[in-house]
Amino acid sequence: VDFNFAAEKKLDPRITYQRTGSASYIDEFGKIVLVGDNEPRFDYGYEFLAGNTYTIAREASKGILIEEERTNLFQQSIYKSVDDRVQTSGTVNDWGLLFTGGGSASFTPGIDAPDGSNNAVRFTNNNTGFTILRLNIDAFTPNGSDTYALSFYVRAISGTGGISCDLADGAPLGTWSADLITNEWVRVVKTGVPTNSAKTFIDIMTNANNNRVFDVWGLQLEKGKFATSFIPTYGQNATRGNESLLLDGEDFTDFFNTKESTVVSQITPLYSSLGNHSGT
């Protein structure tokens, strides 16, 4: 039985893999691949950049990706426009633009995304006043002690100035402008313990008055002390179920002596705050 998942990038046919729900992984070309139920994920993962930001890796397989159950609490993680029109105000499918002091900005759909589609959106801030990039979420009330992780993919295009994000003006929150790379997708991850009051929105860009232009895709809010791989949503919350590998019956006892044998496995983090891999 071949357990070298990192080298083989496939499962021995005697091993049964199970998982419910949509999921994703990074392939050898640095593309995020979206998959459905019961498809194992041989992942290339991420590399730490700075702060809480990560680049997409493509150098070597890290093995099979095994993660716990998680739910993406943001219902429209991939921007959906109306008839491919540029949005210059208001809220469309939970993605909103709010302005004060003469602010103005726009969402331009049809931008190439990390999964190879054209489902990313370009945010353009016009440096005329303060702009908030706000995402509406179904109201929920945390217990005040559990950690949540907010994550999203962004690519710098042009401009300067500070950018910060938050959950309903509180944790998880933080700045992320310093870790952007021009013309390269990165994943920003922020974790924190929100207060036990109702949460109804996520701000990706808060009270900014600058000339920033960036692409954004793959928003995720999940309950947990670290972010996991992207769970796509298209108008409703989605859950990626627990994953399991099973080798039983004669397929197991053919190589394992239940009285004397030992199995040693190598498990490594996907990165410091995202998932686990089994390499061998």
- [ ] Show your working on salt bridge (Lys or Arg N to Asp or Glu O under 4.0 Å) between Glu243 and Arg70 and close with a plain yes or no.
- [x] CA-CA 11 Å; Glu243 294 172 282; Arg70 287 290 182 88; over 6 Å; no
TODO: Decide yes or no on side chain to side chain contact (heavy atoms under 4.5 Å, CB included) for Leu11 and Leu245, but give the supporting numbers first.
DONE: CA-CA 10 Å; Leu11 288 181; Leu245 298 174; 4.1 Å; yes
Interatomic distance, [X] atom [atom1] to [Y] atom [atom2] [nearest 0.5 angstrom]:
X: Thr55; Y: Glu47; atom1: OG1; atom2: CD; answer: 6.0 Å
X: Phe152; Y: Ile202; atom1: CZ; atom2: CD1; answer: 9.5 Å
X: Leu180; Y: Ile163; atom1: CG; atom2: CD1; answer: 5.5 Å
X: Phe48; Y: Thr53; atom1: CZ; atom2: OG1; answer: 8.0 Å
X: Leu247; Y: Arg14; atom1: CG; atom2: CZ; answer: 7.5 Å
X: Ser24; Y: Glu67; atom1: OG; atom2: CD; answer: 7.5 Å

Open item on the list: The test is side chain to side chain contact (heavy atoms under 4.5 Å, CB included); show your working for Asn136 and Thr91 and say whether it passes.
Closed with: CA-CA 8 Å; Asn136 293 335; Thr91 300; 3.5 Å; yes
Donor-acceptor contact present, side-chain [X] to main-chain [Y], <3.5 Å:
X: Ser61; Y: Gly63; value: yes
X: Thr206; Y: Cys165; value: no
X: Asn242; Y: Glu69; value: yes
X: Asp43; Y: Ile26; value: yes
X: Asn210; Y: Asn127; value: no
X: Glu222; Y: Thr228; value: yes
X: Ser117; Y: Asn119; value: yes
X: Asn72; Y: Ile231; value: yes
X: Asn211; Y: Gly159; value: no
X: Trp176; Y: Ile204; value: yes

Looking only at side chains, do [X] and [Y] share a donor and an acceptor under 3.5 Å apart?
X: Ser106; Y: Gln87; value: no
X: Asn125; Y: Thr131; value: yes
X: Tyr153; Y: Arg155; value: no
X: Arg41; Y: Ser229; value: yes
X: Asn143; Y: Ser145; value: yes
X: Thr191; Y: Thr147; value: no

Is there side-chain contact between [X] and [Y], with at least one heavy-atom pair below 4.5 Å?
X: Ser158; Y: Arg212; value: no
X: Ile111; Y: Val121; value: no
X: Leu98; Y: Phe130; value: no
X: Leu97; Y: Ser89; value: no
X: Phe201; Y: Leu167; value: no
X: Trp95; Y: Gln76; value: yes
X: Leu135; Y: Leu219; value: yes
X: Ile181; Y: Leu49; value: yes

Flag yes if [X] and [Y] sit in one hydrophobic cluster, no otherwise; membership is Ile, Leu, Val, Met, Phe, Trp, Tyr, and two members link when side-chain heavy atoms are under 4.5 Å apart.
X: Val189; Y: Met205; answer: no
X: Val186; Y: Phe123; answer: yes
X: Tyr25; Y: Ile78; answer: no
X: Tyr44; Y: Leu34; answer: yes
X: Leu150; Y: Phe140; answer: yes

Open item on the list: Under 6.0 Å between ring centres: does that hold for Trp217 and Phe230?
Closed with: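 Between Phe230 and Trp217, which both carry aromatic rings, the centre distance is below 6.0 Å.
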Using every non-hydrogen atom in the two residues, find where [X] and [Y] come nearest and quote the distance to one decimal.
X: Ile64; Y: Tyr17; value: CD1-CD1, 4.3 Å
X: Thr233; Y: Gln236; value: CB-O, 3.4 Å
X: Gly192; Y: Pro172; value: N-CB, 3.5 Å
X: Ser177; Y: Gly161; value: CB-O, 3.6 Å
X: Lys62; Y: Ala57; value: NZ-CB, 4.1 Å
X: Leu133; Y: Phe107; value: CG-CZ, 3.7 Å

TODO: Check the pair Ser164 / Thr175 against side-chain hydrogen bond (donor to acceptor under 3.5 Å, both in side chains), numbers first and verdict last.
DONE: CA-CA 4 Å; Ser164 60; Thr175 60; over 6 Å; no
Task: Cationic N near anionic O, under 4.0 Å, Arg19 to Glu68 - done: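 Salt bridge absent between Arg19 and Glu68.
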Open item on the list: Between Lys223 and Asp146, does any side-chain N to carboxylate O distance fall below 4.0 Å?
Closed with: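 Looking at Asp146 together with Lys223, the answer is yes, because their closest N to O distance falls below 4.0 Å.
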TODO: Report yes or no: is the cationic atom of Arg122 (NZ for Lys, CZ for Arg) closer than 6.0 Å to the six-membered ring centre of Tyr79, at no more than 45° off its axis?
DONE: no
Task: Within 45° cone of Tyr54 ring axis and under 6.0 Å: Arg187 NZ or CZ - done: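 Pair Arg187/Tyr54 does not count as cation-pi.
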- [ ] In sequence, state the C-alpha distance, the side-chain angles, and the governing distance for Tyr148 and Leu73, and then conclude on side chain to side chain contact (heavy atoms under 4.5 Å, CB included).
- [x] CA-CA 10 Å; Tyr148 285 72; Leu73 299 172; 3.8 Å; yes
- [ ] Walk me through it: do Leu65 and Phe42 pass the test side chain to side chain contact (heavy atoms under 4.5 Å, CB included)?
- [x] CA-CA 6 Å; Leu65 178 57; Phe42 296 90; over 6 Å; no
